[in-house]
Amino acid sequence: MEKTYNPSEFETSIYNNWLGKKYFSAKIDKSKKPFTIIMPPPNITSKLHMGHAFQQTIQDIIIRRKRMQGYSALWVPGTDHAALATEYMLCKQLENEGTSKEELGRAEFKKRIDQWYKDYKGTIIEQFKRMGYSCDWDRLSFTMDEGNCNAVRKVFVHLYKKGWIYKGKRIVNWCPKCRSSISDAEVEFKDVPSHLWHIRYQIEGTDKYIEVATTRPETILGDTAVAVNPNDDRYKDVVGKNVVLPLVNKLIPIVADEYVEMDFGTGVVKITPAHDPNDFEVGLRHNLEVVKVIGDDGVMNELAEDYAGLTREEARERIVADLKTAGNLVKIEDYSHNVGHCERCKTVIEPLISSQWFVKMEELAKPAIEVVENGKVRFMDEQYKKTYLNWMKNIKDWCISRQIWSGHDIPIFTCDDCGEVIVEETDPAECPKCHSHNLSQELDKLDTWFSSALWPISTLGYPNDTEELKYFYPTNVMVTAREIINLWVARMIFSGLEYVGEIPFRDIVINGIVKDANGKKMSKTLGNGTDPIEMIDKYGVDALRFSVFDGVAIQSDSRFSEKKVELTRNFINKIWNASRYVLMQVENVEIKDIQSVNLTYADKWILSELNKTIDSVNNKFEKYDIGMAASELKDFFWDKFCDWYIELSKCDIAENKEGTCATLVYVLTQILKMLHPFIPFVTEKIYLELPVHDESIMISAWPEKLDINFDGEVVESVREVIGAIRNIRAEKKVPDNKKINAQVLVKKDCLLDCLKYISKLALINEIPVVDNEESFESNSVKLTFNDIIINLPLDSMVDSGAEKERIEKEIARLKSEIERSERLLSNAGFVAKAPESLINAEKEKLEKHKALLAELTK
RNA sequence: GGGGGUUUAGCUCAGCUGGGAGAGCAUCUGCCUUACAAGCAGGAGGUCAUAGGUUCGAGCCCUAUAACCCCCACCA
């Protein structure tokens, strides 16, 4: 092995080797248990960012461990067509080319979209490979490929025939300039200074008025009611009466609705169902008429009568003036509020009523609520169970149509001649009723989530009844983001239940986000993102992978800093060098089975620590606590294995070469295996250099505990002694290049074998053993432990003045300890109510401290 | 507006069903000890956000307050 860790030399070739050997492909193997993860598909147009590096690596870590544990581990990769986002990007490009989708026409536009998909397909996937992801690439799926189209078609027809798809009205964000509806995500809210116009409406048959406050006086022409809060005492007596709509002179009712806030404005809201989403909802509840007065072009239409032909802005001006003239304008207040703007052309959004397709949710939601309530599907973080149930229980019908040109088609055909509607799994050639060939397909496209909802089943072959579905489904865990719990996770759950009769996954892990070093969300617009590829080039993939997990609770947000990657690279360098050391020691040594060799105290100690670590890491993995598992592995490797065991083993290796070499190789192998899911490349590189190894670490067996109860106690005492001597040395300012003298009195024979450890690690010349304390040199520091007393003569150390001070400090410490214990033990409440084990432990401590104090003060 | 989260050392974060405050980094000190200076050893550093409460005992449980953050819905 090279002297320095240089990841760029081997990462690519190792990955290609894995690919060539087909290690990632999961087979249907009845002798194995399946373990399945379906990757949340990134947008096809995306580039690798820190969020992927975090979220996808979680899955890779889980799947790699399961594979090593002997499961048939399948991780299905894929990408999403993200129709809206992609169409938006392509339209921008067309704009640069001086054309537009309208100019191209639908057919040509579709070609461009398909080409766009092809052009992009590579990038993110290649980057995922660079990350080392062990997905089954042969099963790579795309939400617009043939299988997915079939699934979408089948499901749509199924829902339609059940009567769960219907056409309804809905308010959409309409951009009058783009002449298109746009998604919520494309609406930019900006605070705009404006006014609140207070307008009075006369109550029918009286000379009383009711005063409303509005930011949009021009929509008064479309008002079909005014609303007040049912609990508002000011207006209780007028609910149910009519008011005269100013300018229009039409009678409209006063309705009571919870939506109205009593404290805002006058507590009275004019209701314009055609031009405001909330008003539309109010309208539905009270059966109000819908009057659309603004057209698709943002111009007042014929229903606006006198104002027809004016733009929204012109109409507002005229109407305000006319209201003033009519004496209906009470006052104008300054008011600034959030107004939606089109992200593209910055035009003010006009909420418009339009016809859309909906899926009825009531029946679909029921079983989806049940499986989460009864724990069949588990949110690993309980708080998200609430988010989910809250949404599911108040679910509204799902609007699935989008006014865009790309994405999945809506398979609804209408006969131009007789009006017959045809919804079948294959495109109809003629009208079944009148045999006309003039059929038109619905032009709207499906919401992207419609196909995403089928992802866990479509990737496994649905709508066909495949062997994959039988074997790998339901999948085991879904790792995804907080903000799409309802948009996506929820829809996958009811889809799985409805279409294949089984939950899509058992566990749901909602990962946190990776923020920048200052705790800000990484974003393109802020430009505070870090490019993972840059980190990989600089420090290697393994360093990047490990650094985003070390010490991180994956469900909560974490911070990324390059410094962390650098420190992780240092850790990996440590692994590299420790491995080099082991390989140097075991060169030309036959490595025997760990259970058949002679083991020293140090060997037994590290093996017992390894056992503990295996247990603990497994527990953390089962809870998906992989960040904590990473830290634990790092601590074990660096602190226990390198800083203690390797150093201790240097004392043993000459006399017990066989046993110590076996232990070095055994422990290194096991820890490399446990580290492999996190840092796959370097562990493979080292593993293949080991004297005993399988074909690849990634298909080797996950560590099992040794079935032996090793006693690590002796070495624990030794570590305590060494620590104490190192303290004394530091206090006495003895530099590390100077060895000191010591004498020792040992009360337990086994410790005699461990004196070499103490002398080496505490930098002592030699340690003569004495029979009694009288033989100790007097001008010295005496360290007293349960089974061993060390005497350090001061003449081998430079300074002697600090010693008195040290003893005084120690006496003071012991006295305060004794006082604490005595106080606790004389507390009647404690003795009566605390658990017995705790009381006994406290008594033991008290005795121990008293003995030590007596020793120091005699 | 609704829901959720966070607050522990200078920084980033652990801290299990309540039982003596932890790690890493940074900082300071000493070491190039034949695996590693991308390293080794040691030290200093904390009213556990604030105020109450429950308890023999609270970082942990309860109540209120403050600051910051996230998600959803967006206010005539």
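Chain identifiers are assigned alphabetically (A, B, ...) following the order of the sequence lines, protein sequences preceding nucleic acid strands; residue numbering begins at 1 within each chain.
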Legend entry - Strand RNA chain B in bracket notation, Watson-Crick/G-U under 3.5 Å with | for pairs to another chain: (((((((..((((.....[..)))).(((((.......))))).....(((((..]....))))))))))))....
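Of the candidates B:rC74, B:rG19, B:rA76, the closest approach to any side-chain atom of A:Thr214 belongs to B:rA76. Out of B:rG20, B:rA41, B:rC75, the shortest distance to the side chain of A:Tyr259 is found at B:rC75. The side chain of A:Cys642 lies closest to B:rA35 when the candidates are B:rG42, B:rC56, B:rA35. Comparing B:rC32, B:rG20, B:rG30 by their nearest atom to the side chain of A:Asn737 picks out B:rC32. Comparing B:rC31, B:rC70, B:rC56 by their nearest atom to the side chain of A:Asp736 picks out B:rC31. The nucleotide whose nearest atom lies closest to any side-chain atom of A:Glu647 is, among B:rC36, B:rA41, B:rG20, B:rC36. Here B:rC36 is the nucleotide among B:rC36, B:rU55, B:rA38 with the atom lying nearest to any side-chain atom of A:Arg580. Comparing B:rG20, B:rG30, B:rC71 by their nearest atom to the side chain of A:Glu817 picks out B:rG20. Listed nucleotides: B:rA76, B:rG19, B:rA35. Nearest to the side chain of A:Ala834: B:rG19. For A:Val269, taking side-chain heavy atoms from C-beta onward, the closest of the listed nucleotides B:rA76, B:rU55, B:rG42 is B:rA76.
Rounded to the nearest Å, the gap between the P atom of B:rG59 and that of B:rC48 is 7 Å. For the P atoms, the distance linking B:rU6 with B:rA14 amounts to 9 Å, nearest Å. Comparing B:rU33 with B:rA38, their P atoms are spaced 14 Å from each other, to the whole Å. Comparing the same atom, C1', in B:rG5 and in B:rC13 gives a spacing of 16 Å after rounding to whole Å. Nucleotides B:rC71 and B:rC62, compared at atom P, are 26 Å apart to the nearest Å. Rounded to whole Å, the separation between the C1' atoms of B:rG45 and B:rG3 comes to 39 Å. Using P as the reference atom, B:rC69 and B:rU8 are 15 Å apart when rounded to the nearest Å. Taking atom C1' in both B:rC25 and B:rC68, one finds a spacing of 23 Å when rounded to whole Å.
Using a 4.0 Å heavy-atom criterion, one finds that A:Val552 contacts no nucleic acid atom at all. A:Trp197 comes within 4.0 angstrom of nothing in the nucleic acid, heavy atoms only. Nucleic acid contact for A:Asp550: none, since no nucleic acid atom lies under 4.0 Å from a heavy atom of the residue. Within 4.0 Å of A:Pro835, counting heavy atoms only, lies at least one base atom of the nucleic acid. Counting non-hydrogen atoms under 4.0 angstrom, A:Thr266 reaches nothing in the nucleic acid. At a threshold of 4.0 angstrom between heavy atoms, the contacts of A:Lys3 are confined to the sugar-phosphate backbone, with no base atom among them. A:Lys385 comes within 4.0 angstrom of nothing in the nucleic acid, heavy atoms only. If you check every strand for non-hydrogen atoms under 4.0 Å, A:Arg820 touches a base. Residue-level contact check: A:Lys845 touches the bases, meaning some heavy atom is under 4.0 Å from a base atom.
Between A:Asn486 and A:Thr387, the residue anchored closer to the 5' end of RNA chain B is A:Thr387, taking for each the nucleotide with the nearest heavy atom. Where A:Arg726 and A:Met584 each meet RNA chain B at their nearest nucleotide, the meeting point lying more 5' is that of A:Met584.
Distances shown here put a side-chain N or O of A:Lys386 below 4.0 Å from the OP1 or OP2 atom of B:rG4. The phosphate of B:rG43 has OP1 or OP2 within less than 4.0 Å of a side-chain N or O from A:Asn727. Residue A:Lys521 places no side-chain N or O under 4.0 Å from the OP1 or OP2 atom of B:rC69. Close to B:rA35, at under 4.0 Å from its OP1 or OP2, lies a side-chain N or O of A:Lys650.
Between A:Trp488 and A:Trp449, the two ring planes are tilted [angle within 30° to 60°].
For A:Glu689 and A:Arg580, the salt-bridge test fails: no basic side-chain N is under 4.0 Å from an acidic carboxylate O.
Put simply, CG on A:Asp381 is 13 Å from C1' on B:rC70, counting in whole angstrom units. One interatomic measurement links the two molecules: CZ of A:Arg559 to P of B:rC69, which rounds to 11 Å at whole-angstrom precision. Straight-line distance from the CG atom of A:Asp643 to the P atom of B:rA23: 14 Å, rounded to whole Å. Rounded to whole angstrom, the span from the CD atom of A:Glu483 across to the P atom of B:rG4 amounts to 18 Å. Taking atom CG on A:Asn511 and atom P on B:rG5, their separation rounds to 18 Å, with Å as the unit. Rounded to whole angstrom, the span from the NZ atom of A:Lys270 across to the P atom of B:rA76 amounts to 12 Å. The distance between atom CH2 of A:Trp638 and atom P of B:rC36, rounded to the nearest whole Å, is 15 Å. Protein atom CD of A:Glu731 is 14 Å distant from nucleotide atom C1' of B:rA41, rounded to whole Å.
In this structure, a donor-acceptor pair under 3.5 Å is absent between the side chains of A:Ser579 and A:Asn577. Inspection of the A:Glu622 and A:Asn619 side chains reveals no N or O donor paired with an N or O acceptor under 3.5 Å. Counting only N and O atoms by type, the side chains of A:Glu211 and A:His198 include a donor and acceptor under 3.5 Å apart. Between the side chains of A:Asp550 and A:Ser631, at least one donor N or O sits under 3.5 Å from an acceptor N or O.
Using a 4.5 Å heavy-atom cutoff, the side chains of A:Ile294 and A:Arg312 are in contact.
A cation-pi arrangement, defined by a distance under 6.0 Å to the six-membered ring centre and an angle within 45 degrees of its axis, is absent between A:Lys386 and A:Phe379. In this structure, A:Arg726 is positioned above the aromatic face of A:Trp644, its NZ or CZ under 6.0 Å from the six-membered ring centre and within 45° of the axis.
No donor-acceptor pair under 3.5 Å is formed between the side chain of A:Ser821 and the backbone N or O of A:Ile818. Under a 3.5 Å cut-off, the side chain of A:His286 and the backbone N or O of A:Leu284 do not form any donor-acceptor pair. Within the 3.5 Å criterion, the main-chain N or O of A:Ile271 finds no donor-acceptor partner in the side chain of A:Asp276. Listed for the A:Arg729 side chain is a donor-acceptor partner under 3.5 Å among the backbone atoms of A:Pro735.
Taking only distance into account, the side chain of A:Gln383 never meets the base of B:rG3 through a donor-acceptor pair shorter than 3.5 Å.
Here the two rings, on A:Phe54 and A:Phe560, have centers that are 6.0 Å apart or farther.
Taken residue by residue, residues 564-576 of chain A places heavy atoms nearer than 4.0 Å to RNA chain B at A:Leu567, A:Arg569, A:Asn570, A:Asn573, A:Lys574.
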